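Report on the following structure.
We name chains A, B, ... by the order of the sequence lines, and we start the count at 1 in each one. Treat the numbers as computed from the prediction; the structure is a model and nothing was measured.
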Number of protein chains: 4
Amino acid sequence: MADPDSPEPKFRRRAEHRPDELLDAALALFVEKGYSHTSVAEIARKAGVSKGALYLYFPSKQAVLEGLVRRAVSPIAIRAQEAIDIADADLRATLRALLTVIATALGDPKVFAVPKIVIREAVVAPEIAEMYRRAVFDNVLPAGAAIIRRAVAQGKIRPVDPEMTLRSLVGPVIMHLLLSEIFGIEPEGGLALDRLVENHLDILVNGLFPATESHDA
Amino acid sequence: MADPDSPEPKFRRRAEHRPDELLDAALALFVEKGYSHTSVAEIARKAGVSKGALYLYFPSKQAVLEGLVRRAVSPIAIRAQEAIDIADADLRATLRALLTVIATALGDPKVFAVPKIVIREAVVAPEIAEMYRRAVFDNVLPAGAAIIRRAVAQGKIRPVDPEMTLRSLVGPVIMHLLLSEIFGIEPEGGLALDRLVENHLDILVNGLFPATESHDA
Amino acid sequence: MADPDSPEPKFRRRAEHRPDELLDAALALFVEKGYSHTSVAEIARKAGVSKGALYLYFPSKQAVLEGLVRRAVSPIAIRAQEAIDIADADLRATLRALLTVIATALGDPKVFAVPKIVIREAVVAPEIAEMYRRAVFDNVLPAGAAIIRRAVAQGKIRPVDPEMTLRSLVGPVIMHLLLSEIFGIEPEGGLALDRLVENHLDILVNGLFPATESHDA
Amino acid sequence: MADPDSPEPKFRRRAEHRPDELLDAALALFVEKGYSHTSVAEIARKAGVSKGALYLYFPSKQAVLEGLVRRAVSPIAIRAQEAIDIADADLRATLRALLTVIATALGDPKVFAVPKIVIREAVVAPEIAEMYRRAVFDNVLPAGAAIIRRAVAQGKIRPVDPEMTLRSLVGPVIMHLLLSEIFGIEPEGGLALDRLVENHLDILVNGLFPATESHDA
DNA sequence: GATGAATGAGTATTCATTCAT
DNA sequence: AATGAATGAATACTCATTCAT
């Protein structure tokens, strides 16, 4: 500006990426130290801008968190719809695929980070939990239940309660990740997500009890 | 009392129950507003004592939280041991009893409150998560796995992975509570914990798939 | 009390020594941590009594400090008077004796402790400095000046200004101790108080300059 | 100013002199009430800024004190070196000049204030005494000793112990100031620093005793 | 006399947010 | 658009002192 023919600008269009850079910085810091122990100044510094600049893009610190959640959430809703369409093929294979996808996706700390933050802040900022719920669960849960409901209707699986069965399907994965990510509890030899999925599928398919007993329960 | 026209004694001496009263106050506030948004002054006020008095019993705010965890945790470890002793009787009945116990216990907001707080603070105060893990999970998880291992050895259930199967058993309950307590997601008609337990047991017993398919998986 | 014939009491007259025990405890702590960083509770604990008991003997924390000063100060005034009486004998020997006495007395940390504390607190509690001044300096300085004045009158020393000469006599010792006690500056090989005294006396007696010059100044 | 009818700008930007203004305010308050009885809020208020602004320039209250010491100390080290260079000329005149400089410099309450504060805080914050020692004494004392040593070597003064003689030279001035500044003890008719210097020089030059005796000591 | 539980005023430090430049 | 100096409210913790027992 002061020097019109200076070769400096390189690419000055950076500005449009600012919000994303800020969200990246914020995510890293929130994961490391938690939302309330991360200062706005730190976020700005890590993103390489001034504190004031952050307020150009986000009206408040909480808005940054909301932006983070929003960004993480949008792809999920889309995939949920896709899943529903594929599910008709081989159910058992689909199930394995689904659990594996969920498990590996959430197993990636980058991905699990946002729900973890949401859980943390839910008490204090219910509107964030609310937003997450609307964006994620209100899409994913009915979609999942619908898949199950259809499978029941087609006689592919026994007549179970779709909503509750969804919890039976996914709950173990969630618990596994909670134990690992929050309490640092891992089976010997690492996260072992595949071991969990295989064992869980085995139970889902064959039940817990020996064959002779499985019909008179 | 001794002096009927004295204006409320300034010092209500040696309450003996002070620590517990303080923990009660703290629990209520932590649940409502979260740990870091609750001030020491508020805790003291709610417990009806001065700020200074709180520091007579707890050396720091974090120590209050630790006290809370400790208090909530001790009964759990005890029950876990009891469970292991009963488990030999009718496994299927035991299973239903167990899940119901877990579900109703954790379904009580007073009880679920502490783990919820722990999850919130885990990122920032790992020593709290650590304490909880040692006091709860290090007892409960091996105990549960042991029960399953024994049942397998006795041929009462199919040869499954004990550690992972534990997650398959309990995970759905945990997920159900997470959805309900943190995201406010409940099936129509309330928490429906029994519906969850029944459906889950049905799947565990009979598997997910129709009888004809359940043997050739 | 509960057991009237218990042989416990040993000697219950301790009570009369309480104030002194408290002062001992306070002195040790004030020296170690300074007046304002020492809590009343610590003093009481170190003296083996309760906080309340301390307030039975001293109306406030500052009163403890005052008591300390008072106790340290009383012997000084007495000795000052004694010194004046001896001084007539051999002046030069007296001088050496005096400096040595002052130096070794103040060189004892236990003794220097009180003036050190007084210096520390003088700004904040001028009444303590005032007390010290009245009790110590208002006795010692005139006494010292009087000795010098008499010596001048008797022609034993040159006609010097008595008040100022007193500073020339004692100042080096004070400075030596300040450097050592407060800034930790000591000549190689320890405090070397005798080296200081000898050198100082040499200068006082022979002047600083070579003999040939010492008369035409 | 630029906008005459605007109601005092909320932010008086970039004072550039802020640190110095804060140090001035702090010095005044520390002198008046002592370090630990001065609150950060008071310093800020006196300097005309907010509490937060102070923390923009100093990371802690103690850092303010350190800044104060540092600021007071830098000129001293410089002068000490200058003195050494002049000292070769007329020793006796130099001595008078030196003592007068020291005396009048330290006689200015603004200058003596910092060492006084340092002495006060030395017990509690040894790192401050340490800093002062390194910045002042480690320069000044060796420099002074060197001057004396050289004078001895050149036969200009009698063979005295340089380190100790330094205390004999400066100690009386220090003691004089201590008595005056801390205990409020002044000779009739004011501080009388010149009287002290003259009398002290007289003793240094001619010794304390009459001429006839001064050679057979 | 003696105790120690209780009080509550006092204070350093942090940090989201504003706004003159 | 961008800066960063300035604000000031908020908060954990300390400790001299009191007083019911």
Side-chain angles (χ1 to χ4, degrees), chain A residues 1 12 14-16 18 36-45 49-64, chain B residues 1-3 6 9-16 18 36-44 48-64, chain C residues 1 12 14-15 18 36-45 49-64, chain D residues 2-3 6 9-16 18 36-44 48-64:
Chain A
M1 279 255 173
R12 181 103 223 110
R14 246 328 135 72
E16 12 187 297
R18 279 290 145 76
S36 58
H37 287 73
T38 298
S39 77
V40 171
E42 281 174 306
I43 300 173
R45 194 180 325 127
V49 299
S50 72
K51 243 184 311 176
L54 184 149
Y55 278 90
L56 245 35
Y57 298 104
F58 298 94
S60 72
K61 186 184 174 186
Q62 168 145 329
V64 175
Chain B
M1 282 260 172
D3 188 353
S6 78
K10 208 168 185 180
F11 303 113
R12 230 190 344 149
R13 298 261 307 177
R14 175 136 17 183
E16 178 89 26
R18 276 294 140 78
S36 57
H37 288 73
T38 299
S39 78
V40 172
E42 279 174 308
I43 299 173
V49 299
S50 70
K51 235 184 318 172
L54 183 149
Y55 280 92
L56 240 38
Y57 300 103
F58 300 93
S60 70
K61 185 185 172 185
Q62 169 146 329
V64 175
Chain C
M1 283 252 174
R12 182 105 223 111
R14 240 339 129 71
R18 278 290 146 77
S36 58
H37 287 73
T38 298
S39 76
V40 171
E42 280 174 307
I43 299 173
R45 195 182 324 128
V49 299
S50 72
K51 240 182 316 175
L54 182 148
Y55 278 89
L56 246 34
Y57 299 104
F58 299 95
S60 72
K61 186 184 173 186
Q62 168 144 329
V64 175
Chain D
D3 188 353
S6 78
K10 209 169 186 178
F11 303 113
R12 228 188 346 144
R13 297 260 309 175
R14 176 133 19 180
E16 177 91 23
R18 276 294 138 75
S36 57
H37 287 74
T38 298
S39 78
V40 172
E42 279 174 306
I43 300 173
V49 300
S50 70
K51 239 184 314 175
L54 183 150
Y55 280 91
L56 240 38
Y57 299 102
F58 299 94
S60 71
K61 186 185 171 185
Q62 168 146 329
V64 175

What are the two closest heavy atoms between A/Thr38 and A/Lys61, and how far apart are they? O-NZ, 2.8 Å

Closest approach of A/Glu42 and A/His37, non-hydrogen atoms and distance?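 Smallest heavy-atom distance, with atoms named: OE1-O, 3.9 Å.
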
Please work out if A/Ser36 contacts a base, only the sugar-phosphate, or nothing of the nucleic acid, heavy-atom cut-off 4.0 Å. nothing

Counting any heavy atom closer than 4.0 Å, what does B/Ser39 reach on the DNA or RNA strands: base, sugar-phosphate only, or nothing?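 It contacts sugar-phosphate atoms only.
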
Using heavy atoms to find the nearest nucleotide of DNA chain E for C/Ala53 and D/Ala41 separately, return the residue whose nucleotide is more 5′.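 Between the two, 5'-proximity favours C/Ala53.
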
Return the 5'-most residue of the pair D/Pro59, B/Leu54 with respect to DNA chain E, ranking by each residue's nearest nucleotide. B/Leu54

On DNA chain F, nearest-nucleotide positions of A/Val49 versus C/Thr38: which is more 5'?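 Nearest nucleotide further toward 5': that of A/Val49.
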
Of C/Val40 and D/Gly52, the one whose nearest nucleotide on DNA chain F sits closer to the 5' end is D/Gly52

Output row for DNA chain E, stems defined as at least 3 consecutive Watson-Crick or G-U pairs under 3.5 Å, is E:2-21 with F:2-21

Whole angstroms only, please: what is the [atom1]-[atom2] distance between [X] and [N]?
{"X": "D/Ile43", "N": "E/dA12", "atom1": "CD1", "atom2": "P", "answer": "8 Å"}
{"X": "C/Arg45", "N": "E/dA2", "atom1": "CZ", "atom2": "P", "answer": "19 Å"}
{"X": "C/Phe58", "N": "F/dT18", "atom1": "CZ", "atom2": "C1'", "answer": "19 Å"}
{"X": "D/Lys61", "N": "E/dG10", "atom1": "NZ", "atom2": "P", "answer": "15 Å"}
{"X": "A/Tyr55", "N": "F/dA1", "atom1": "OH", "atom2": "C1'", "answer": "18 Å"}
{"X": "D/Leu56", "N": "E/dT14", "atom1": "CG", "atom2": "P", "answer": "12 Å"}
{"X": "D/Glu42", "N": "E/dT11", "atom1": "CD", "atom2": "P", "answer": "7 Å"}
{"X": "B/Lys51", "N": "E/dA5", "atom1": "NZ", "atom2": "C1'", "answer": "17 Å"}

Roughly how far, to the nearest 0.5 Å, is the OG atom of C/Ser39 from the NZ atom of C/Lys51?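 C/Lys51 NZ to C/Ser39 OG: 8.0 Å, rounded to 0.5 Å.
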
d(D/Leu56 CG, D/Ser50 OG) to nearest 0.5 Å is 8.0 Å

Taking the side chain of A/Ser50 as heavy atoms from C-beta outward, which of E/dG4, E/dG8, F/dT3 is closest to it?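 Within the option list, the nearest is F/dT3.
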
Does A/Tyr57 have a side-chain nitrogen or oxygen under 4.0 Å from the phosphate oxygens OP1 or OP2 of F/dA2?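 Yes, because at least one side-chain N or O of A/Tyr57 sits under 4.0 Å from OP1 or OP2 of F/dA2.
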
OP1 or OP2 of E/dA6 sitting under 4.0 Å from any side-chain N/O of B/Arg18? yes

